[in-house]
Student: 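Below is the structure I would like to discuss, written out as structure tokens.
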Amino acid sequence: MSQYKVIDVQPIAGALGAQISGVDLAGPLPDETFAEIRSALHDNLVIFFRDQQLTPAQHKAFSARFGELLEVPFIRALQGHPEILPVMKGKAEQTKRNFGGLWHTDMSYAEVPPLGSALYARVIPPYGGDTMWTNMYRAYDALSDGLKAVLDTLRAVHSPVRSYGAKGAVVNNGDPAHKMDVRTDERASAEVTHPVVRIHPATGKKALYVNSTYTLRFEGMTEEESAPLLQFLYGHAVRPEFTCRFRWTPGALAVWDNRCTQHLAMNDYDGFDRELHRTTIAGDRPIAVA
Ligand code: SIN
């Protein structure tokens, strides 16, 4: 029997991801309904809703049920809504590197990285532009006991520099050819360290916590020394059987847990517009294995 009384939860893949129906996110949600949605997020890591009609204020109100909303650095927010990051690519843009186009965990370069994000689809190409997620609990669990024991003791250095530094991959400094306005500033060279394996504060499970976009090296090692093991972990973490892939439709909303997933936006829709709005939910300082 389903553990859910109010919502319907249907997995979309074996590793993670579930579509929820029977909920209108525009209105005020009873506490019981929201508690089931949060449980579904903990159980499935990324949850999807279809055919929602949300104003920016309603998108923010729903996201804020999970926690305080963050303003994302480096990127111009939606006018009048500093907590909404517009993720856009126009039909005239031929960018090799789209926003979110490499596997990553949102803002792992922050001292206190976000709990999660909520991405709402406004304009979707007729094909392409899907988003993929991967399950970082599974990535950890599938490692040998020997490597787990090593990783449990390590910390890694994260930074926004590769994306948002002066030569950052997505910085366009307001070039009108780009719909998103992404600028560098002095915060781009900051570095923080996080445990390589983190304990999820709600589920108590261990998740691998490195990603190729923001992780630079292991603490106390050079980039060169760190690269072989990090490259192995990046590839291992995104094995197809750990992932799910979502085909967007206008009005769809995805909420994911940044503490135990990575995601990637496909860049396979040249000649079409794509626009989604993201809120980013404040999280907690990653907890290391004791
Ligand atoms: C993101 O990485 O936050 C955006 C993902 C997407 O555009 O699908």
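What you see is a predicted model; the values in this text were computed from it and never measured. In each ligand, atom 1 is the first atom listed, and ligand 1 is the first ligand listed.
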Student: For H59 and Y120, take the angle between the two ring planes, folded into 0 to 90°, and tell me which bin it lands in: parallel under 30, tilted 30 to 60, perpendicular over 60.
Tutor: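 Plane angle between 30° and 60°, so tilted.
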Student: Which of the atoms of ligand 1 are close to L119, meaning less than 4.0 Å from one of its heavy atoms?
Tutor: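 This gives 5 (C), 6 (C), 8 (O) as the contact atoms.
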Student: Would R187 count as a cation-pi partner of Y164, with NZ or CZ less than 6.0 Å from the six-membered ring centre and within 45° of the ring normal?
Tutor: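 No.
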Student: Which atoms of ligand 1 are found less than 4.0 Å from any heavy atom of H263?
Tutor: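 Going through ligand 1 atom by atom, the ones under 4.0 Å from H263 are 1 (C), 2 (O), 3 (O).
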Student: Would you call R122 and D273 a salt bridge, using N to O less than 4.0 angstrom?
Tutor: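 Looking at D273 together with R122, the answer is no, because their closest N to O distance does not fall below 4.0 Å.
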Student: Which of the numbered atoms in ligand 1 are under 4.0 angstrom from any heavy atom belonging to G100?
Tutor: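 What qualifies from ligand 1 is 2 (O).
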Student: Does the separation of the ring centres of H263 and F246 fall below 6.0 angstrom?
Tutor: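 H263 vs F246: aromatic centres not under 6.0 Å.
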Student: I'd like to check which ligand 1 atoms, numbered from 1 as shown, lie under 4.0 Å from a non-hydrogen atom of V87.
Tutor: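 Reading through ligand 1 atom by atom, the close ones are 7 (O).
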Student: Identify, for atom 7 (O) of ligand 1, the protein heavy atom at the shortest distance, and state residue, atom and that distance.
Tutor: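 Nearest protein contact, heavy atoms only, for atom 7 (O) of ligand 1 is R274 NH1, 2.9 Å.
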Student: Is the NZ or CZ atom of K89 both under 6.0 Å from the centre of the six-membered ring of F99 and within 45° of that ring's axis?
Tutor: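 Judged by the rule, K89 and F99 form no cation-pi pair.
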Student: Can you list everything that forms a ring pair (Phe, Tyr, Trp, His ring centres under 6.0 Å) with H200? Sequence neighbours excluded, please.
Tutor: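 Checked H200 against ring pair (Phe, Tyr, Trp, His ring centres under 6.0 Å); matches are H42.
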Student: Can you list the atoms of ligand 1 that are under 4.0 Å from a heavy atom of T131?
Tutor: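 So the answer, numbered in order with elements, is 6 (C), 8 (O).
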Student: Note the single closest protein heavy atom to atom 3 (O) of ligand 1, along with its residue, its atom name and the distance in Å.
Tutor: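 So the nearest neighbour among protein heavy atoms is R278 NH1, 2.8 Å.
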